[in-house]
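Structure record follows, encoded as C-alpha cells.
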Amino acid sequence: MRNKGLEPFSNLVDAFGALPGIGEKSALKLAYHIATGGAYDGIKLSHAIEQAVESIQRCSRCNNLSQDELCDICSDELRESSKVCIVESAKDILTIEKLGQYNGRYYVLSDIDTFDLVHLREALKDARELIFAFAPSIASDTMMLYIESQLEDLSLTFTKIAQGVPTGISLESVDTLSLARAIEDRVTL
Ligand SMILES: [Zn+2]
C-alpha cells in the first residue's frame, strides 16, 4: 500500500520504472538516490531531461534525432547523398557512426505499418544505393522485400548488410568488428 505522505517518492519510482530496461529494484534505487542525494543531483537530472524534451526533435528528412530541422548528417554537405542506409532506430545511427566507416546518409524507419512512403521517397531523391541495416529476423526480411517492391520504379541498387550479424539481436549488441565487416561486405538483394 502507498504511503500518502510519500506520494512524490512513489511517483518518482513509477517514473523510473516506466523507462526501458529499468526494473522495480533499479527504479527504487534510483528514486532513493535522488531523494536522498541532495538537491543537486535531482535538479541536474530534471534539467537535462527538460532540455532534451524541449530541444530534441526528429530530423524532417531522415527521422534521426536532431536539434534542428535537419540533423547533423543530413546537413553535412560532405556526406554522400548517393547512399542511404535504412535503420530501424535512431540508436542504430549512433552505433554505425561510431564505426566511422560509413559516409552516406540514413533513414530511420521504425514501423512498417506507419511508415510514410512519400516521405521515404523524398529522402531517397539523390540516392543510388539503398542499404538495409536491419538486425536479421523474419520480420525485417519481410520489411525489406516490401520496401523494395514499393520502390521498384526508382533506379536504386538494394543492398543489405552481410551475414555475420546474428539473428534476433539489435545492432547495438553486435561487436564493432563484425558490424563494420557486415557493412563493408553488404550484399545485393
Ligand atoms: Zn537527417
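Because the structure is predicted, anything quoted here is derived from the model rather than measured. Just so you know, ligand 1 is whichever comes first in the structure, and atom 1 is the first atom listed for that ligand.
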Between E184 and R181, does any side-chain N to carboxylate O distance fall below 4.0 Å?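 No, E184 and R181 are not salt-bridged.
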Under the salt bridge (charged side-chain N to carboxylate O under 4.0 Å, His left out) criterion, do R61 and E69 qualify, and how do the steps go? CA-CA 8 Å; R61 180 167 171 182; E69 204 203 326; over 6 Å; no
Partners of K44 by side chain to side chain donor-acceptor pair (under 3.5 Å), sequence neighbours excluded?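 For K44 there are no side chain to side chain donor-acceptor pair (under 3.5 Å) partners, ignoring immediate neighbours.
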Among N11, L28, L30, which residue satisfies the side-chain contact (heavy atoms from CB on, under 4.5 Å) criterion with F16?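 For F16, the side-chain contact (heavy atoms from CB on, under 4.5 Å) test succeeds with only one of N11, L28, L30, which is L30.
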Quick check on the hydrophobic clustering: are L117 and Y146 connected, directly or via other members, by side-chain heavy-atom contacts under 4.5 Å?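 Yes.
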Using a cut-off of 2.8 Å, how many protein N, O or S atoms sit around the Zn ion (ligand 1)?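 Number of qualifying protein atoms: 4.
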Taking the inter-plane angle between the rings of F9 and Y32 on a 0 to 90° scale, is it parallel (under 30°), tilted (30 to 60°) or perpendicular (over 60°)?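 Ring orientation of F9 relative to Y32: perpendicular.
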